[in-house]
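Structure, as structure tokens:
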2 protein chains.
Amino acid sequence: MATVSRTLAGNYPVSTETRARVMAAVESLHYVVNVHAKALSGGVAGPVALVIQDITGPSLAHVAAGVEQEATSRGRLSLVCSTRGDAAREDDLIQLMREQHAAAVVLVGGVVPDDAYHRRMAEYAKALDAAGSRLVLVGRPPLPAGTPATVVEYDDRGGAFQATSHLLAAGHGRILFLGGEPGLSSAEQRREGHLAALRAHSVPYEEELDVPGSYTRTSGYRRVRDVLDAGLDFTAVLAGTDAIAVGALAALREADLRVPRDVSLVGFDDVPYATDLTPSLTTVRVPYEELGRTAVRLALDREERIGGDNHVVLSTQLVIRESVRPPR
Amino acid sequence: MATVSRTLAGNYPVSTETRARVMAAVESLHYVVNVHAKALSGGVAGPVALVIQDITGPSLAHVAAGVEQEATSRGRLSLVCSTRGDAAREDDLIQLMREQHAAAVVLVGGVVPDDAYHRRMAEYAKALDAAGSRLVLVGRPPLPAGTPATVVEYDDRGGAFQATSHLLAAGHGRILFLGGEPGLSSAEQRREGHLAALRAHSVPYEEELDVPGSYTRTSGYRRVRDVLDAGLDFTAVLAGTDAIAVGALAALREADLRVPRDVSLVGFDDVPYATDLTPSLTTVRVPYEELGRTAVRLALDREERIGGDNHVVLSTQLVIRESVRPPR
DNA sequence: CAGATGGAAGGAAACGTTTACCATGCGGTC
DNA sequence: GACCGCATGGTAAACGTTTCCTTCCATCTG
């Protein structure tokens with residue numbers, strides 16, 4: 001037994017002849033080591049777990065790709081689990097990941113950071129920490145100092161600020177803001193950036209131009225149709241996500257408004273097909289893949305040595321395409 | 001030890017008082033069972049592994065979602081690994097999954113089914129089978145009878161047949177076919193379906209209208225630009241994938257050809273944003289999520305009882321939108 | 001009241017590795 | 001010629017569960 005183990009591990013002198021015999025036996029018996037036994041006796045690095053609402057969304061898929069990439073490059077496996085937004089399932093998954101001895105558990109996706117949420121996260125963080133794992137929050141607000149968790153954010157506020165500034169610089173005074181759900185952290189941040197840009201350019205805020213809703217195509221479509229029906233006056237739209245922008249585009253087109261001739265449009269996320277829309281969409285790029293990679297990197301670095309950052313904010317960037325033009 | 005195990009498993013009578021004491025200890029010690037030890041003594045169902053080229057593509061992400069969904073609904077974890085098309089990495093992953101005691105290994109993605117490929121797959125199938133696992137091929141051609149593998153295909157040929165028939169029925173006689181790489185199994189099938197439809201309608205095949213290339217947006221763009229430069233005459237385009245269709249659309253637009261007024265266009269895959277293009281894209285829907293679910297279902301059913309299918313072909317369906325119109 | 005019955009708890013083996021420690025044999029050194 | 005050190009191989013403990021088999025004790029049963 002010992003000799004086989006050492007032959008396969010290659011960390012101990014084994015004579016050429018013995019090695020050959022071992023290999024022959026391995027071959028003929030189709031022998032493979034048993035990870036569980038190996039893990040029990042302590043020689044296996046735990047996997048990285050990604051907990052996500054729905055892997056199907058283009059931006060989340062990129063986060064997943066980043067996580068997988070960084071994990072494999074460090075010799076870890078990636079577990080992917082979806083919650084479909086169910087908090088109870090999230091609880092179960094945290095427990096499951098403690099059992100699995102996951103090296104890191106990466107939670108992704110928008111969230112309403114109320115008290116219940118913070119309590120839940122603090123509990124997750126402590127539970128995972130006690131099990132030698134690490135909670136990583138991606139695209140979610142940071143937890144109170146002292147909580148054993150790592151947070152990787154991106155600059156929602158700055159992105160929205162850039163987007164609105166771009167529209168204002170083009171001469172648009174009445175910008176329809178199609179935000180996200182009130183309370184949702186990223187939606188609030190994006191809205192703040194938008195408002196800050198208005199203030200910076202001394203453009204008064206008008207409540208009727210600030211229309212919240214969900215981050216979906218349908219919601220974007222409905223909201224634009226409704227404001228058009230109501231006869232609202234605007235020359236540009238800042239959509240809280242590219243999905244919303246796509247819905248808005250459809251509604252504008254139905255109303256015979258051409259983008260960007262009649263109405264300018266800016267999205268948020270830079271999904272891959274943004275460039276294939278007509279017109280191609282000016283939008284804010286979020287470094288999703290980089291978010292995933294960073295999440296894993298920070299968590300594992302901290303495991304291997306002590307130290308490293310626990311909170312990082314990645315920057316976003318306005319990508320200028322064809323959907324913005326000065327108002328007529 | 002025994003009592004704790006039984007208390008937590010709940011499969012043996014334990015007095016209320018003892019149960020309470022155990023639970024209190026579990027609580028105060030933050031105890032969690034160790035999966036590896038549990039697995040060693042035989043009480044753990046192996047995970048399902050998904051091996052994919054790149055999880056970022058919209059269609060493959062849906063396969064992943066299907067796999068994850070079916071796996072969790074059966075109490076299994078999902079491991080996701082990407083190969084970036086590297087055969088050596090695929091070899092390593094098969095070995096890794098044997099070690100992990102994966103219940104099933106799902107391989108997805110187009111492939112050139114040459115001899116080397118068949119040898120490789122046969123070897124994978126046998127290696128996994130010997131380890132009590134199951135190889136599942138999704139969207140790939142079946143292996144020789146007797147190989148211990150499960151295959152879940154979809155009807156490439158039928159989809160292409162429908163697409164071409166639709167164009168022919170609309171009156172298009174000269175259809176530009178932007179296929180995939182020669183040899184790639186799905187590309188060959190789609191091409192066959194296209195040719196069969198031409199034959200069925202007694203439309204002669206013309207080689208100049210049959211332009212192979214890769215399954216990418218760029219390739220679609222290039223090919224259309226090239227044939228337009230060469231002055232080729234055609235009134236409709238059948239693209240081998242939606243990505244190609246999007247590239248074609250861009251090239252047509254650059255040449256001031258309007259879709260569908262001047263040229264009709266049909267894609268393949270039905271990616272989520274197909275409906276958001278201008279015009280919305282008529283395309284062939286491939287049931288990607290269903291493919292993933294079926295793959296897992298077949299593999300696990302076979303594990304749990306004996307029997308069940310080893311080869312399934314899911315049907316595809318033409319989705320009619322706005323990108324096809326009779327020629328002028 | 002002796003023996004049977006049954007519920008609850010504990011002891012110990014087994015799962016398949018890794019590795020610290022020990023045993024053996026061999027060549028070389030003083 | 002005894003001793004040492006090195007290369008190699010073997011033994012057994014440890015990892016943390018589950019579960020079979022015992023044991024213990026209390027309650028029935030005749």
Side-chain angles (χ1 to χ4, degrees), chain A residues 1-47 75-77 92 94-103 127-133 303-304, chain B residues 1-47 75-77 92 94-103 127-133 303-304:
Chain A
M1 278 165 48
T3 303
V4 171
S5 174
R6 294 196 271 241
T7 305
L8 296 181
N11 54 3
Y12 197 84
V14 173
S15 73
T16 326
E17 193 239 331
T18 312
R19 180 185 312 279
R21 281 200 300 148
V22 168
M23 286 319 203
V26 163
E27 196 75 7
S28 79
L29 298 171
H30 301 288
Y31 172 84
V32 255
V33 289
N34 180 323
V35 245
H36 300 302
K38 196 172 190 167
L40 249 201
S41 69
V44 163
R76 314 276 187 153
L77 285 169
D92 292 350
I94 298 293
Q95 171 72 8
L96 200 56
M97 291 313 145
R98 292 211 289 158
E99 294 175 8
Q100 298 284 334
H101 289 220
L128 289 172
D129 189 60
S133 182
E303 190 183 55
E304 279 149 23
Chain B
M1 278 164 49
T3 304
V4 171
S5 174
R6 294 196 273 241
T7 305
L8 296 181
N11 55 3
Y12 196 86
V14 174
S15 74
T16 326
E17 193 239 330
T18 312
R19 177 185 315 280
R21 281 200 299 148
V22 168
M23 286 320 204
V26 163
E27 197 75 6
S28 79
L29 297 171
H30 301 287
Y31 172 85
V32 255
V33 289
N34 180 323
V35 246
H36 299 302
K38 197 171 189 167
L40 246 201
S41 69
V44 163
R76 314 276 187 153
L77 286 169
D92 292 350
I94 298 294
Q95 171 72 9
L96 200 57
M97 290 313 145
R98 292 210 291 156
E99 294 175 7
Q100 298 282 335
H101 288 220
L128 289 172
D129 188 59
S133 183
E303 189 183 55
E304 280 149 21

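Bear in mind that the values here come from a model prediction, so they are computed numbers and not experimental data. So that the names make sense, note that chain A is the first sequence line, chain B the second, and so on, each numbered from 1.
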For a 4.0 angstrom threshold against heavy atoms of chain A, report the outermost contacting nucleotides of DNA chain D in 5' to 3' order. D:dT8 to D:dG16
OP1 or OP2 of C:dA20 under 4.0 Å from side-chain N/O of A:Tyr12: no
Check whether any side-chain N or O of A:Asn11 sits under 4.0 Å from OP1 or OP2 of C:dT19, and answer yes or no. yes
If you look at every strand shown and take non-hydrogen atoms under 4.0 Å, does [X] touch a base, only sugar-phosphate, or nothing?
X       : value
A:Val32 : sugar-phosphate
B:Val35 : nothing
B:Ser15 : sugar-phosphate

Hey, which of these two, B:Tyr31 or B:Arg6, hits DNA chain D nearer its 5' end, going by closest nucleotide? B:Tyr31
Nearest-nucleotide check on DNA chain D, B:Ser5 vs A:Arg21; residue mapping nearer the 5' end is A:Arg21
Once you measure the plane-to-plane angle for A:His36 and B:His101, does it fall in the parallel (<30°), tilted (30-60°) or perpendicular (>60°) bin? perpendicular
Does any non-hydrogen side-chain atom of B:Met97 lie less than 4.5 Å from one of A:Leu77? yes
Is any side-chain heavy atom of A:Val22 closer than 4.5 Å to a side-chain heavy atom of A:Val14? no
Residues in salt bridge (Lys or Arg N to Asp or Glu O under 4.0 Å) with A:Arg6, at least two apart? none
What are the two closest non-hydrogen atoms of A:Ser133 and A:Ala102, and how far apart are they? OG-O, 2.8 Å
Can you see which heavy atom on B:Glu99 is nearest to which on A:Val35, and at what distance? O-CG2, 2.6 Å
